[in-house]
Every structure is written in C-alpha cells, then in structure tokens.
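First up is the structure itself, then whatever we jot down about it.
Just so it is clear: chains get the letters A, B, ... in the order the sequence lines come, proteins before strands, and each one is counted from 1. Just so you know, these numbers use all the heavy atoms, side chains as well, and skip hydrogens, waters and symmetry mates. Not measured: the values here are computed from a predicted model.
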Number of protein chains: 2
Amino acid sequence: MQLTRKTEYAVRTLLELVSRPWGELVQTCEIAETKDIPEPFLNKTIRDLARAGFVETRRGKMGGVRLIKPGDSFTMADVVETIEGPLAINPCLRDSYSCINKSSCSVRQFLMESQARFVEHLNSKTFAELIGQDCEK
Amino acid sequence: MQLTRKTEYAVRTLLELVSRPWGELVQTCEIAETKDIPEPFLNKTIRDLARAGFVETRRGKMGGVRLIKPGDSFTMADVVETIEGPLAINPCLRDSYSCINKSSCSVRQFLMESQARFVEHLNSKTFAELIGQDCEK
DNA sequence: TTAATTAAGATTAATAAGGTCTTTTTTATC
DNA sequence: GATAAAAAAGACCTTATTAATCTTAATTAA
C-alpha cells in the first residue's frame, strides 16, 4: 500500500523542472545528481513522463529535458496515474476484476469512496501550488 | 498501491463472523470454503486477527474461530493496520524515514494530508455498519 | 486413545519493484 | 564528414514482497 519509488522520482523531477524558468532544458544527469536518483532509472522515468506529455526531451550534445505542461495544469494524482496506471487500492476496484457481487457489494462501494477521498485530495493542489519548499533526497 | 490479499481475506473473514450470531464458533475450513480463501493461508490470517484481539480460536475437535470484538467497535482502517502495519502511502511518511527536509517538506505534508483523508473515510463506518450486503468470492 | 482441529513456522513459488547495462539514434560542434 | 555527447529503447538482472504450501506439534471432544 505504497506509491512506488518511480513515482517519487517522477515527482522530484517535475518539482525540479517546475521550479526552473519556463522552457529551460536540463540534462538528466544534473537532475539525477541533485535529486539523488539513479541515472539510468531516471531516464526510464523521464521517458514515461515524455510519453504522457509532461516533458519533452532533446537528444545529442546539449540535449536534456524540459517541461511542456505548465506547473499549474497538473496535480499529484496526474503524476501517480501516469507512472502507475489507474489507481485501485483493492483488486476489486479494477475494471478487469470479476466478482458476482461486484456491482452490489457494499464493501467495494465503501472502498471506492475511500479511494475517491484520497484522489480528491491529491487533485486539490497543482504542482505549482505545491512548491513552497520542495523535498530533496 | 494496493491493499494485500491477506487484508482482503481478513476483511471477508470478519464480515462472515460479524454477520453471524454473537459468540458462534465457526470452523476455519468452512470460512475458507464459503469465502473462497486458501485454507492454510486463512489460518495464518486468523492467527493475526487473534493476536490483535479481534477473534479467539479454539483448537481440537469442534474447534474454530469466534469473534470477540463487537462488529460495531472496529473499522476497515483497524483491520488494514492489523494486517499490514502502520499505513504509509509513501516511504517518506514512515517514522523510520530519514530526510533532511522531512519536517519542512511541503510535499510530504501534502501526502500526509491525502493519507489522512483516506484513513478518515476508512474509519467512518464500523464493520457492523458495513454489512448490508457483503462481498463474497 | 483417537480423530479432528488449530498453532507455528519453515519452505517454496510467483510477482513486482528497483536497478543496471548495452546498443542505437540523434544532435552540436570541430 | 567525423567525433563526442546526450537521450531512446529495451533486455537483463537482483532483490523484496506477496502469496501459498507443507510439516510437525499442541490441543480438545468424544
């Protein structure tokens, strides 16, 4: 019952990018260093963020990564779902889960609401709003 | 980011016991069968519930398990914490986690609140209240 | 005494998470 | 062009966690 480290790394990366001037290109090795993330793993994480439209990358000499989604246009929930896929705090909340009682089960309904409260809060602040101090290391 | 199957099994077991007359002793093989839980795994789960004071077991012929905590005195959050230990949706929310910024980190603070909303909802209904229809299989 | 039942915990199997490595492609610069 | 620096892609490996099984012991009713 925990977010993955990959999500944590994605969050750190986006915090770093949001805190920089818009449009700035940053080398991944620099992010890896300052945010204490294993570089090859960070590369994969950044690829996920790129595919999802948060950042764009530039290869070759002087390459790097830059934000293309404004920091006030996405939330923690967006990042979590980008990295981990649709949230389901219990197997029975997955679309693919089959159970005779699925639709009528009061426990499932209850867990669905619990999850909704959680996601609701994750959506209550944009990344731009989150940045006051940020969490390194 | 998901509750474990063991928690799911504990929940099913408690739902079964809460729905029965107070004091009734039920054989674990019966619960395993009706709730579709691998029996040896259920035994371990029941041991956890016994150690935490939810149920009491009785060995030998005519043995079984019975509820000793009234269904209106515990919630989903209690069961989750019993089976999985203290909830922490992100590593930085664990007591043991060390980070220079731990106390001042706004992201950590935010996640802590998100978790609190979740737990608050898990605590909003007792097991007795949850039982209207229950979720088998 | 016997058979039925749970306790305890060692062991194994399956899955997922976390991380590394190698090769390829792209790009700026000489 | 040639070269070096950077990210892309994905195969691969390692470790941790989860899930399940199995064996032996203890307990209890009959």
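Rounding to whole angstrom units, CD1 of residue B:Ile37 and P of D:dT21 are separated by 13 Å. The distance from atom CZ of B:Arg58 to atom P of C:dA7 is 12 Å, rounded to the nearest whole Å. Protein atom CD of A:Gln27 is 12 Å distant from nucleotide atom C1' of C:dA28, rounded to whole Å. Distance CG (B:Leu42) to P (D:dT21): 12 Å, rounded to an integer number of Å. Atom CZ in B:Phe41 sits roughly 17 Å away from atom P in C:dA13 (whole-Å rounding). In this structure, B:Asn43 places its CG atom 17 Å from P of D:dA26, rounding to the nearest Å. The separation between B:Glu30 atom CD and C:dT5 atom P is 11 Å, rounded to whole Å. Atom CG of A:Leu25 and atom C1' of C:dT27 are 12 Å apart (whole Å).
Heavy atoms of B:Lys6 sit under 4.0 angstrom from primed sugar atoms or phosphate atoms, though from no base atom. Counting any heavy atom pair closer than 4.0 Å across all strands shown, B:Pro40 reaches a base atom. Among the atoms of the strands shown, base atoms are found under 4.0 Å from some heavy atom of A:Arg47.
When the nucleotides C:dT5, D:dT21, C:dG18 are ranked by their closest atom to the side chain of A:Arg5, C:dG18 comes out on top. When distances are taken from the side chain of B:Thr4 to each of D:dA19, C:dA28, C:dT5, the shortest belongs to D:dA19. Closest contact between the side chain of B:Thr57 and the listed nucleotides C:dA7, C:dA8, D:dT28 involves C:dA7. Listed nucleotides D:dA29, C:dT29, C:dG19 differ in distance to A:Lys61; the shortest reach to its side chain belongs to C:dT29. Closest to the side chain of A:Arg59, from the set D:dA9, D:dA7, C:dG18, is D:dA7.
Ionic pairing of A:Arg117 and A:Glu113 is not present here: no N-O contact between side-chain nitrogen and carboxylate oxygen is shorter than 4.0 angstrom. Look at A:Lys69 and A:Asp78 and you find no salt bridge, because none of the NZ, NE, NH1 or NH2 atoms lies under 4.0 Å from a carboxylate O. A salt bridge is absent between B:Glu16 and B:Arg12; no separation between the charged side-chain nitrogens and carboxylate oxygens falls under 4.0 Å.
What you find for B:Met1 and B:Ile89 is that their closest heavy atoms are CE-CG2, 3.8 Å.
B:Tyr9 has no side-chain polar atom (N or O) that falls below the 4.0 Å cut-off from OP1 or OP2 of D:dA19.
DNA chain D is contacted by both A:Gly63 and A:Arg51; A:Gly63 maps to the nucleotide lying nearer its 5′ end (nearest heavy atom per residue). Looking at which nucleotide of DNA chain D each of A:Met62 and A:Met1 is closest to, the 5′-most match is held by A:Met62.
Contact annotation: the side chain of B:Lys102 never approaches that of B:Cys92 to less than 4.5 Å [non-hydrogen atoms, C-beta and beyond]. Side-chain atoms of A:Phe74 and A:Val18, non-hydrogen and from C-beta on, do get closer than 4.5 Å to each other. In this structure the side chain of A:Leu3 reaches within 4.5 angstrom of the side chain of A:Glu84, judged on heavy atoms.
For DNA chain D, none of the residues of residues 77-88 of chain A falls under the heavy-atom distance limit of 4.0 Å.
For B:Lys44 and C:dG9, a side-chain-to-base donor-acceptor distance below 3.5 Å is absent, hydrogens and geometry of angles not being considered.
Looking at B:Glu39, its side chain never comes within 3.5 Å of a backbone N or O of B:Ala32 through a donor-acceptor pair.
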